[in-house]
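If you read the sequence from its start, that first residue is 1, and numbering goes on from there. Bear in mind the structure is a predicted one, so any value in this text is a computation, not a measurement. Note that ligands are numbered from 1 as they come in the structure, with each ligand's atoms numbered from 1 the same way.
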Amino acid sequence: MNEKEKFDKLKLEELRTQLEFFRQLGVDFLVEPHRQPAERPIDNSSRPELISGEHFQGSEGDQQAEWDRLIQKILNCRFCPLFKTRTQAVPGEGNWKAQLMFVGEAPGRDEDFQGRPFVGRAGQLLTKIIQSMGFSREEVYIANVIKCRPPENRTPRPDEIKACSHFLLKQIEMIRPRVIVTLGKVATEFLLQSSRSMSELRGHFGEFQGIPVMPTFHPAYLVRNERNKQIRKMVWEDMKQVMKLLKS
Ligand code: URA
C-alpha cells in the first residue's frame, strides 16, 4: 500500500468512526454544514427583548471593544471565592454573533486547565452534537452559568451563581442568539426559573427574555449513561427541534 492509499484508508476509518457515533446518537440524516455569514447584520425587527433594557448601539468596532472588555472582566473577576481555587476563569468560546448558543453549568478540571469551555469528555461529546447539527464549534457560542471551576466539580452554590451570572446575562444580551440550548439542570433552572425535572422540561421550548430556550440533558449525563441509547435519542430529538427553528 502506498502513502496515499494509507492516508485514504485512515480518513475512511475516521469517517466510519464518526458515522458510527452519529448512528448511536440516533442521527437519522446528515446535515450540510451551515454557511453562516461571518458578519450577521443587526436586524432590529427581530431583536429579542433586551435583557438590561439599555442595548448597546455602538459601531462594529465599539461592540467588539465592549465584548473584549467583558471577557477581560471575567478573566480578572474576584466577585466570589472561586477565584482563589481556579487556575483561570473560562469566559466562553465561539462566535459572539452566533445564532445558536449553548449554556452549561461550570468549567470542570480540563476546562479550568485550558481556559476553554467543554473540552473534557463531555465537551468532546458536545462538539460531536454540534457537528451533527451542521455547525462547527467556531460558529456557535458556548458558555457556562458560572465562569470558574467549583472545587471537585461540585454543583455551583446559589451565592456563586448570584455573583457570576450577570456575566452570562451580558453575553446573552450582546450575542442575542436566535436560540439557546441549556445543558442540564443548573443552566435550565437559571434561565427558565423552573425547578421541574429535566425529563419534564427537555423537548419543549421555553423562553428567556424573548429568546427560545431548548433544555436538554447535560453531555456529562450522556457520558455517564453511554449505553443508554434512549437518552442520546432524546437529545438528538431536542436538537432537531432547534435546527428546525433555526431554519424557519
Ligand atoms: N461541564 C459544564 O457544564 N461546562 C463545561 O465547560 C464543562 C463541563
Side-chain angles (χ1 to χ4, degrees), residues 25 70-71 74-75 77 80 82-83 85-96 98 100-133 135-172 175 177 179-192 194-195 197-199 201-202 206 208 213-226 231-232 234-235 238-239 242:
L25 199 64
L70 173 62
I71 300 301
I74 296 172
L75 291 172
C77 175
C80 86
L82 291 181
F83 82 88
T85 48
R86 75 184 176 208
T87 307
Q88 58 199 309
V90 182
E93 177 172 282
N95 175 8
W96 68 271
L100 175 57
M101 181 170 184
F102 290 85
V103 180
E105 177 178 317
R109 194 174 63 108
D110 296 312
E111 291 75 21
D112 173 74
F113 276 138
Q114 294 190 37
R116 300 175 55 209
F118 282 99
V119 288
R121 261 191 93 193
Q124 286 159 20
L125 185 54
L126 176 65
T127 304
K128 286 181 175 165
I129 293 169
I130 292 169
Q131 289 168 347
S132 309
M133 297 170 80
F135 291 102
S136 65
R137 272 178 76 108
E138 293 73 32
E139 286 172 309
V140 303
Y141 198 82
I142 307 171
N144 283 303
V145 176
I146 72 162
K147 309 300 187 192
C148 295
R149 181 194 182 203
E152 310 304 324
N153 293 354
R154 63 162 168 73
T155 305
R157 294 193 187 121
D159 57 312
E160 291 158 354
I161 294 179
K162 200 168 171 195
C164 194
S165 51
H166 64 100
F167 287 133
L168 174 68
L169 296 182
K170 186 71 188 171
Q171 286 175 312
I172 296 174
I175 297 171
V179 189
I180 298 174
V181 174
T182 50
L183 303 164
K185 198 167 167 54
V186 170
T188 303
E189 258 182 25
F190 176 69
L191 286 184
L192 295 184
S194 168
S195 54
S197 72
M198 280 308 299
S199 306
L201 290 169
R202 65 143 288 273
F208 176 74
V213 174
M214 175 55 78
T216 198
F217 294 119
H218 195 287
Y221 182 66
L222 295 193
V223 170
R224 280 199 300 277
N225 296 280
E226 63 185 341
I231 302 174
R232 285 178 179 238
M234 284 192 253
V235 171
D238 301 343
M239 295 309 101
V242 169

Point to revise | Under 3.5 Å side-chain donor-acceptor pair for Thr216 and Arg202 | key: no

Review point. Which residue holds the protein heavy atom closest to atom 5 (C) of ligand 1, what is that atom called, and what is the gap in Å?
Key: Ala106 O, 3.4 Å

Review point. Yes or no on side chain to side chain donor-acceptor pair (under 3.5 Å) for Gln171 and Lys147, after CA distance, side-chain angles and deciding distance?
Key: CA-CA 12 Å; Gln171 286 175 312; Lys147 309 300 187 192; 2.6 Å; yes

Review point. Would a distance-only check, ignoring hydrogens and angles, find a side-chain to backbone donor-acceptor pair under 3.5 Å from Asn225 to Tyr221?
Key: yes

Check your understanding: Does any N or O atom in Pro107 lie less than 3.5 angstrom from one in ligand 1, N or O only?
Key -> no

Check your understanding: Looking at atom 4 (N) of ligand 1, what's its closest protein heavy atom, distance included?
Key -> Asn144 OD1, 2.8 Å

Revision key, fill the gap. Numbered in order shown, the ligand 1 atoms found under 4.0 Å of a heavy atom of Gly104 are 3 (O)

Review point. Charged N to carboxylate O under 4.0 angstrom, Arg86 versus Asp112?
Key: no

Study note, to complete from the structure: Going by the 4.0 angstrom heavy-atom rule, the piece of Glu105 near ligand 1 is both

Revision key, fill the gap. For His218, the atoms of ligand 1 under 4.0 Å from one of its heavy atoms are 1 (N), 2 (C), 3 (O)

Point to revise | Qualifying residues under salt bridge (Lys or Arg N to Asp or Glu O under 4.0 Å), relative to Arg157, sequence neighbours excluded | key: Glu160

